[in-house]
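Computed from a predicted structure; not experimentally measured.
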Amino acid sequence: MLTIKNIKRPGSDTLESVTLEDGLIKGWNLPEQGDVLDGRGGTVAPAFTELHAHLREPGQTEKEDLHSGLAAAAAGGYGTVVCMPNTRPVLDDPALIRSLIEKAGRLGYARLKPAAAITRGQKGEALAELQYLKDAGAVMFTDDGLTNENARVLRLALETAHALGMVISVHAEDATLRADGVMNEGPVSEELGLPGNPAAAEAARVARDIEIVAGLTAQGRPARLHVQHLSTARALDLVRDAKQRGLPVTCEVCPHHLDLTDEKLRTFDAMYKVAPPLRTQADAEYLLGGLLDGSVDCLATDHAPHTKAEKERDLLEAPSGIAYIELAFPLMWTRFGHRLGLEKLLDLMTAAPARVMGWPQPSLDAGAPADLVVLDLDTEREVNPAEFKSKAKFTPWQGQTLRGWPTLTVVDGMVAYQREG
């Protein structure tokens with residue numbers, strides 16, 4: 001049993017306490033029982049849910065592993081993490097799914113819910129054993145890390161996922177249009193003489209995938225499609241139109257596509273190389289508008305750790321990705337909290353991902369799962385990558401001052417992270 005005292009519920013200034021027992025919220029303002037932790041006036045919320053993170057295990061543990069990645073997630077306030085399948089070997093084997101879940105369960109950090117590959121080896125040619133992967137514990141199917149170039153295979157995957165009640169999540173870029181682009185195609189790429197990745201690469205693929213869903217829906221086989229890391233205004237318009245047509249299409253946006261733009265590539269620093277690339281300020285503003293009007297369903301980080309040596313290569317050779325799961329809420333609260341408001345931001349990181357997945361809605365009510373985060377919304381702290389739990393101890397936001405840091409994360413009624421000091 002655990003009691004957390006001196007905490008506030010969102011929108012309230014009243015200090016309260018919550019008691020947790022057997023992985024559930026027992027109740028509020030009960031006599032203190034069991035271990036007692038002081039929330040120091042922080043705001044409590046359901047722990048965050050991450051639908052898109054790369055934890056690199058198995059096979060790339062020099063970049064990240066379950067221990068470091070899930071500890072980083074807990075430090076970022078996350079109680080549940082969906083990991084991507086582009087590991088070595090690929091997560092297309094039910095035995096691998098089961099072993100990762102079992103290992104993660106012993107660590108005591110954030111809860112792991114693996115995504116499995118759509119196709120065998122993520123080669124885009126033949127479906128993986130989707131039924132067996134679901135039975136093993138996979139919660140989503142995606143070939144993220146690669147794009148789904150074969151429309152027929154994706155259609156078959158959507159049909160199968162519909163029958164299984166699962167979500168298909170896609171990295172929506174046309175590989176032939178993207179080609180070898182290392183940044184957004186536009187005036188900045190032209191000025192720098194760097195190969196560009198056009199917005200059309202994303203929009204064309206989103207349009208294709210939506211039309212596949214539309215065809216299946218018309219046949220009475222609506223298949224849930226989730227578009228990952230949406231980065232352009234045009235692609236958001238396509239998703240918005242699909243929603244208005246009643247199609248089961250959702251999308252996520254990443255904080256880095258809101259806070260950073262292609263102007264950052266003027267430094268030629270591969271830390272800013274991501275896929276899809278950082279776009280224009282106009283795109284970033286448009287995506288924020290999508291968060292405000294509900295066209296964007298949820299936030300996800302696409303936490304993508306690499307070694308420092310890899311990211312110090314030149315832009316043509318360095319891998320894509322930024323790792324910052326520990327900074328997601330402080331970054332969003334500091335930069336955009338005044339526009340989104342606390343209630344909306346918390347929804348985008350808690351209830352909204354659950355809605356995308358069809359999971360029960362998180363709650364602070366008695367009887368709800370004891371997955372909680374306590375947030376210090378006011379104290380400013382400098383971003384110090386040396387303190388990261390992640391193995392990727394470097395970040396575009398190094399030295400910047402952010403507010404909204406998690407101080408305590410509880411998963412299944414047990415402390416998964418507690419900030420020192």
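The distance between the ring centers of Tyr324 and His256 falls below 6.0 angstrom. Under the 6.0 Å cut-off for aromatic ring centres, His257 and His229 do not qualify, their centroids lying 6.0 Å or more apart.
Ion pairing between Arg56 and Glu64 fails under the 4.0 Å rule for side-chain N and carboxylate O. For the pair Lys308 and Glu312, the salt-bridge criterion is met [side-chain N within less than 4.0 Å of a carboxylate O]. A salt bridge is absent between Glu202 and Arg178; no separation between the charged side-chain nitrogens and carboxylate oxygens falls under 4.0 Å. Ionic pairing of Arg266 and Glu263 is present here: one or more N-O contacts between side-chain nitrogen and carboxylate oxygen are shorter than 4.0 angstrom. Classification of Arg111 and Asp371 as a salt-bridged pair holds, one side-chain N sitting under 4.0 Å from a carboxylate O. A salt bridge links Glu310 to Lys63: one of the charged nitrogens lies within less than 4.0 Å of a carboxylate oxygen. Salt bridge annotation for Asp135-Arg98: absent, with no cationic side-chain nitrogen under 4.0 angstrom from a carboxylate oxygen. Looking at Arg355 and Asp347, a side-chain N of the basic residue comes within less than 4.0 Å of a carboxylate O on the acidic one, giving a salt bridge. Look at Arg381 and Glu326 and you find no salt bridge, because none of the NZ, NE, NH1 or NH2 atoms lies under 4.0 Å from a carboxylate O. Here Glu149 pairs with Arg205 in a salt bridge; the nearest charged N to carboxylate O distance falls below 4.0 Å.
Residues Pro94 and Tyr132 share a closest heavy-atom pair of CG-CB, 3.7 Å. In this structure, Gly367 and Leu24 approach most closely via the heavy-atom pair O-CD2, 3.7 Å. Contact record, Leu278 with Leu265: CD1-CD2, 4.2 Å, taken as the closest heavy-atom pair. Here the shortest heavy-atom pairing between Arg224 and Gly358 reads NH1-N, 3.8 Å. For Ile101 against Ala136, the heavy-atom pair with the smallest separation is CD1-O, 3.7 Å. Closest of all the heavy-atom pairs between Val206 and Ala172 is CG2-CB, 3.6 Å.
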- Message: Asp269 vs Lys311, test: salt bridge (Lys or Arg N to Asp or Glu O under 4.0 Å). Steps then yes/no.
- Response: CA-CA 8 Å; Asp269 188 341; Lys311 293 299 279 185; over 6 Å; no
- Task: Please step through side-chain contact (heavy atoms from CB on, under 4.5 Å) for the pair Leu408 and Val373, ending with a clear verdict.
- Result: CA-CA 6 Å; Leu408 178 69; Val373 59; over 6 Å; no
- Message: Would Trp28 and Leu364 count as a side-chain contact (heavy atoms from CB on, under 4.5 Å) here? Give the steps.
- Response: CA-CA 9 Å; Trp28 287 84; Leu364 295 177; 4.0 Å; yes
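In this model, a donor atom of one side chain and an acceptor atom of the other lie less than 3.5 Å apart for Trp397 and Asp259. Under 3.5 Å, the side chains of Glu16 and Asn29 contain a donor-acceptor pair of N or O atoms. No side-chain donor-acceptor contact under 3.5 Å links Thr407 and Asp376. With 3.5 Å as the limit, one finds no donor-acceptor pair spanning the side chains of Arg279 and Thr232. Tyr272 and Asp262 are not linked by any side-chain donor-acceptor pair at a separation below 3.5 angstrom, with hydrogens and angles left out of the test. Using modelled atom types, one finds a donor on one side chain and an acceptor on the other under 3.5 Å when comparing Asp144 with His54. Between Gln228 and Ser169, the side chains place a donor N or O and an acceptor N or O closer than 3.5 Å (distance only, hydrogens not considered).
Ring orientation note: the planes of Phe48 and Tyr78 are nearly perpendicular, at an angle over 60° on the 30°/60° scale.
Looking only at distances, a side-chain donor or acceptor of His162 sits under 3.5 Å from a matching main-chain atom of Pro222. Side-chain atoms of Thr119 come within 3.5 Å of backbone atoms of Gly124 as a donor-acceptor pair (strictly under, hydrogens ignored).
From Leu372, atom CG reaches atom CG of Leu2 across 9.0 Å, with rounding to the nearest 0.5 Å.
When the options Val182, Asn197, Thr261 are evaluated for a side-chain contact (heavy atoms from CB on, under 4.5 Å) with Pro277, the one that passes is Asn197.
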